[in-house]
Amino acid sequence: MTAANTKLSRTPAGGPGLRGRLSDLSSRHRSIAVIVGMSLVALVLPLIVLLPPFSSFSGQTVWMDGFTIAGIYVLLALGLNVVVGLAGLLDLGYAAFFAIGAYTYALAASPFTGWDLPFWPMLLVGAVVAAIFGILLGAPTLRLRGDYLAIVTLGFGEIVPIVILNSSKYTDGPNGIGGISPPTLLDTRFPTTGNPWPFYLTMLVLIILSMIFIYRLQDSRLGRAWMAIREDELAAAANGVNTVVTKLLAFAIGASTAGLAGVFLASKLQTVTPNLFRFDVSFTVLAMVVLGGMGNVWGVAVGAFIIFMIQSVFLKQLNIFFNNVQVPILSDIDFLQYQFLLYGIALVAMMLLRPEGLFPSRRRRRELHTEEDEVFAEHGDAMGAAPE
Amino acid sequence: MSGQGVTTTTQPSSTSGNGAAGDVVLELRDVHTYYGKIHALQGITLEVREGEIVTLIGSNGAGKTTTLKTISGLLHPRAGTVHFRGRDVSHTPAHKLVRDGISHAPEGRRIFSRLTVMENLQMGAYTRTGREIDENVEHVFSLFPRLAERSGQKGGTLSGGEQQMLAIGRALMARPKVLLLDEPSLGLSPILIQQIFGIIREINAQGTTVLLVEQNAQQALEVADRGYVLQTGRVILADTAANLAANPDVRRAYLGEI
Amino acid sequence: MTTTTTVLSARPSFVETFQRLRLGPYLFVLGVAAIDYVVIGPNQFVNALTIGAIYALVALGYTMVYGIIELINFAHGDVFMVGAFTSMFVLTQALGQDGPIDSPGMLAVVLFINFTITMIALGILGAAIERFAYRPLRHAPRLAPLITAIGVSFILQNIIQIIYGPSPINTPQVIDPAARVEIGGVSIGVVNIFTIVTAVLLMIALQMLVSRTKIGRAMRSTASDRDAAQLMGVDINRTIAITFFIGSALAGAAGVVQGLYFGNIQFTLGFQAGLKAFTAAVLGGIGNITGAALGGFVIGFVEVTAGALGFFVWGQAAVFAVLIITLVFRPSGLLGQQLGERT
Amino acid sequence: MKLRKLGGLALGAMLVAAACNTGGGATATPGAPAPGATQAPVDKGTLKIGVTLPLSGGAAADGQPTMKGAQLAVDQANEAGGIGGYKLELMVLDHAVNGKYNEQQGAQDMQTFVGDSAVVGVVGPYNSAVAKVQIPISNDAGVLQCSPANTNEALTKPEFGALDYRKNFPERINYVRVAATDDIQGPAMAVYDFNTLKLRNLLVVDDVTTFGKGVADNFQKKFEELGGTVQRVGAPADTTDFNSIISAAKPETDGVYYGGVVTSGAGLLLKQLRQQGKTFPFTGPDGIVNGSGKAEGALIQIAGAAASAGSYGTIAAIGDFPGRADFEAAYAEAFKNDADFNTAGAYSGPAYACATIILKSLEEFLKTSPDADQAAIREGVRAWASDTSNTFDTVLGTESFDKNGDTTQPFISFYVVDPAAADGAGDWVFKEQLNFAQE
């Protein structure tokens, strides 16, 4: 208790005044840093794949298409990081919001409904619709303890695909929705093959905007409230934080980012099916956030990118490589198949050995390493195992 | 101030037979304990002799409860040692110390609310077996007849005073050499407080050494043989209870005198 | 479970006694069962009781672990799955069985050995998971053990997948699945009866263990107040390990029963079953053993009723809907205390 | 067929040593590609045939034998000296994620193929759901895609919404398939159930997938037209407990149709049916005809040989073709070193046929334009294959495609389980095949 209070007092109250202005300034710098950093990434990635080890696998357009899909996961990880990393709420059904975003656009711009609403405003609509579902789910359950939320979201993540599958009238069920319009800019439709630049750059802009938005939130009063809740909800409440509203905002913002990613996916694939949003998407994104470093915006972005590339390129190449060279045991191992074994080992090892992730934020590392000593944790008499 | 004879009371059940003062059963030497990064005990040195009632007094946050937790093994010192009957127990876990003879009735009673009174007592004798338990239960019931009446009731349904009796009775079930009592009078009516302190005397008279932490310094110094005054994790004063009760600084700071 | 009989002798102020005995939840479940029986008929009712019994056995592990260390052990569903595979291994490799056993004596011996070995093996697995994956994180932020549990779940699934492959695998049904007996004019499968009776017996045994024995008291006191329990001389680590052992052993028993009943198992078995069993535990009031058992049966009713009424695909959604509704309107579940209640 | 010897050029890089031995088999197989007889033996480089299938985890049992069918055709073509001076290379991409087909990965793999200008045609996919995300990409790029196994009618037929998938170039047919569609396969079994098995009241269960629900819908429509009644239930593929469905079946039920593929579901449904004493016929589409009682994860293996008696299934392709024995022998010889997949699967032949069609189109195009660049070759192959007037001699017989890219020889083959086959483990045996070309 005392420990939590002292920790809490470390975070300033925010608001106007010199300190507020200072943090404003630093966040503005951060925005510039994000723009500069991501622009560098945007330039370097297409160039690096022209170099030997990469260029031998596939051509630049293929690589860039892969990067674009990886960007979807980066976006998802950024959003889930708000929920898990910043606010400390475990969301295990994150793919549900991804699905909601994707189906929102699929219904808005496909022959299934006959509508053809433009992509750009739909990005926002998809995000808002996902956020609304996030609030509808979160409002009643966020009052409960954090691990209940994990289970409720897991259940929600299961229900959404089931509902989509079985509401053929509105979603065409397992058939999915095809013929979704790609985005148009200045009356030109984005090419779905051949020229990957429009989708690539769009994704990049989405990531930059999301990162800046999340950084700003993180440095705001809201961000500090999230951190306070993550550390000690009771203490946060005692310090005047409206915990339910604050958690709800984290949940809604996380959901809306997934919605954004969903709209983008639908326009990129031009077809959506319920199968795209199974629980393994939720768990993959969670692994990305944990491995990247919960709470660290850059960390999870980089983590997501690397993990996606490992699973979609590296493991495949490993398979092909060992199949070709015919190493006795290794060529029998199917590396793709054991992707989740690797995730599992990584999650456990990470929590035991390096809970702050591969790319930790400085603050998070400090927090996670203070509690190593024998602490007399205050356990309440929450629930006895007593019968009757 | 009447007080029990400061160090002169002979202990009827004292087995050591080492004179009136008794052996040192418990000794803390320069103990430093932390909560995470918070330096809660900053070098506590104290001793408790067999048969004594020793009290720790001090304001909130002085480290009284932390000292008890460090002795009973719920916390372990980062520096310094705790010796119990000549053995270094600084890093012995709590559940083993119970077996060795240290019982701790923690602050806030911490009784098992969903276990019955009888089950709570049985838990107290967790380290004991068979007939011993029955004897101990009888012993506790003789000290606290109210508990006998309520033995089938859930601990959570007891009144505050009854819960305190249960907490003390439960601690006694292990037949401790040293009983650590943390704020036994907290939240009780004056009559009940009198009753509880009477029982503490009785327990002590029956041969149990008591280390008592109390907000109610007045009462504590009345029953205790000696006392230590703690402030911000340090011992600032150690003396007989009578002397402490007479000390003007103590009277001003802890006994409510202006 | 036993309190239902006490009400018959209750004379003074019925309402008062009713409230004191907290019979509401039991009557609720009985009512659900009765209505369900009328709606879906005896055959479906037996189906519901059977799968409900399996869910209940798995739910016990969730509830015990949550009760004692407040961790949702995500890996528990997969422990159940490992139990099913262990049982298959024991039956086929150690006992050389591949189908129904005719001689009742022989059958009893085989089942006894199978249950014993599987439950002990799974108990050890559960305790080992606790020791290596959860204990080091006992003082870490809450999120850490939850994430570890998810990792352990992946690891268990993939290890079984590596050993037995991804395809569903047949496991010997030593109790002839076609054998049926007539009870009250209803033809019931012998394996159904065996499943239900086994589950109920295990639950009663667990109840006795928890309420009557020293280790049971240690578990309850640890759940109630870990530090106070420690001050009583309870070895917390050992008690928590034993809790994991018992919970996992019960999941192992559920795995045995699963194999006997369905005759086919797959490495993915644990995910769905785990979610449903967890729902059962929450519905019953997590931390409450009787509640978990009741919850398991209710989930069985919900699922089977959906199937019986022709909404099979909605069955799973209905189970999760039950979970969400429970958490929203009665987070303490049927029998549990209010969340976070400190008395 | 004349084999032209090349100076050991192509032989060096052969992955499968056994391919050397299949030389004789290749000439005997009607579908063996005709090598570029008229071309001068110059090395023009390598062209690629893509294969997009789920190949790992639980999907391996479906994907691997199918992939190997295509591999056999390409190996044989290389052994025969390549085509038009080009060597051929199989480019295999697996879109199973965590052991199950994954549409998004399938889309990415198709991007990889279209992004590699050496890819002149693609064999696959296996699952209709994956085709739905791949066709928009391959259509946009104009890459020929030949699926050995897709049966969902919406992929090709405009009246079922196929134009949604080839939105960019609706008139450009780049997706062809050798399997009959579900609007043929489903009704075919409905007629068989009604007329041959004399069933009237069916329990129809589907696995709530694109394929399963689609084929069951088609089945139900036809069966009801014929005068039967249907009780319809959806049960997701990972369902293990069908007891409540079985108990809920109407008392007059005299048979079951299962729409879907076997994960564990169909096998458990069959097993639990028999355990509840229901001995009526169990029928289904190609998804349930997936190997003998010895094959891991196959329907007969899960349900057991005895329980599988009375099971009937269809294959949306020709079952009894002239060169079948030869093909299976060639396959077994070529892959005898592969412990898991050394016998041909239900879609090995169709995949072999698909590869043959791509190779044949390539050969014909190179005859007229030997010096075309890769982009022109790609388009030439697509145009030749989708030209409704062209025919292909394949292992499945003579194939040609209609204006939507569907086979003009939509055969449905009927199979029944013989519990005594496969040394008592039970296996599917061929009963009859019908050509639904005029439907």
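The structure presented is a predicted model; accordingly, all values stated were derived computationally and were not measured. Atoms considered below: every heavy atom in the structure, side chains included; atoms not considered: hydrogens, waters and symmetry mates. A note on names: the letters A, B, ... follow the listed sequences, proteins ahead of strands, and every chain is numbered from 1.
Here C/Gly263 is the residue among C/Gly189, C/Ala178, C/Gly263, C/Ala273 with the most heavy-atom pairs under 4.5 Å with chain D. Of the listed residues (C/Ile265, C/Asn264, C/Leu269), the greatest number of heavy-atom pairs within a distance under 4.5 Å of chain D belongs to C/Asn264.
Across all their heavy atoms, D/Gln275 and C/Gln173 have their closest contact at NE2-OE1, 3.0 Å.
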Check: Should C/Thr268 and D/Asp238 be marked as a side chain to side chain contact (heavy atoms under 4.5 Å, CB included) after you check the CA-CA gap, both sets of side-chain angles, and the distance that decides it?
Finding: CA-CA 9 Å; C/Thr268 51; D/Asp238 55 359; 5.7 Å; no

Check: Stepwise, does the side chain to side chain donor-acceptor pair (under 3.5 Å) test hold for D/Ser247 with C/Asn47?
Finding: CA-CA 9 Å; D/Ser247 298; C/Asn47 290 338; 2.9 Å; yes

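Note that the CZ atom of C/Phe262 and the NZ atom of D/Lys271 stand 11.0 Å from one another [nearest 0.5 Å]. With rounding to the nearest 0.5 angstrom, the CD atom of C/Gln44 is 5.5 Å from the OG atom of D/Ser244.
For residues 160-167 of chain C, the interface with chain D (any heavy-atom pair closer than 4.5 Å) comprises C/Gln161, C/Tyr164, C/Pro166, C/Ser167, sorted by residue number. The contact list for residues 298-320 of chain C toward chain D, using heavy atoms and a distance under 4.5 Å, reads C/Val304, C/Gly307, C/Ala308, C/Phe312, C/Val313, C/Gln316 by residue number.
Remark: C/Asn114 engages C/Ser87, C/Thr118 in a side-chain hydrogen bond (donor to acceptor under 3.5 Å, both in side chains) (not counting sequence neighbours). Every residue meeting the side-chain hydrogen bond (donor to acceptor under 3.5 Å, both in side chains) condition with D/Asn243, not counting sequence neighbours, appears here in chain and number order: C/Tyr261, D/Asp241, D/Gln276.
If you measure heavy-atom distances from D/Gln301 to chain C, the contacts under 4.5 Å come from both the backbone and the side chain.
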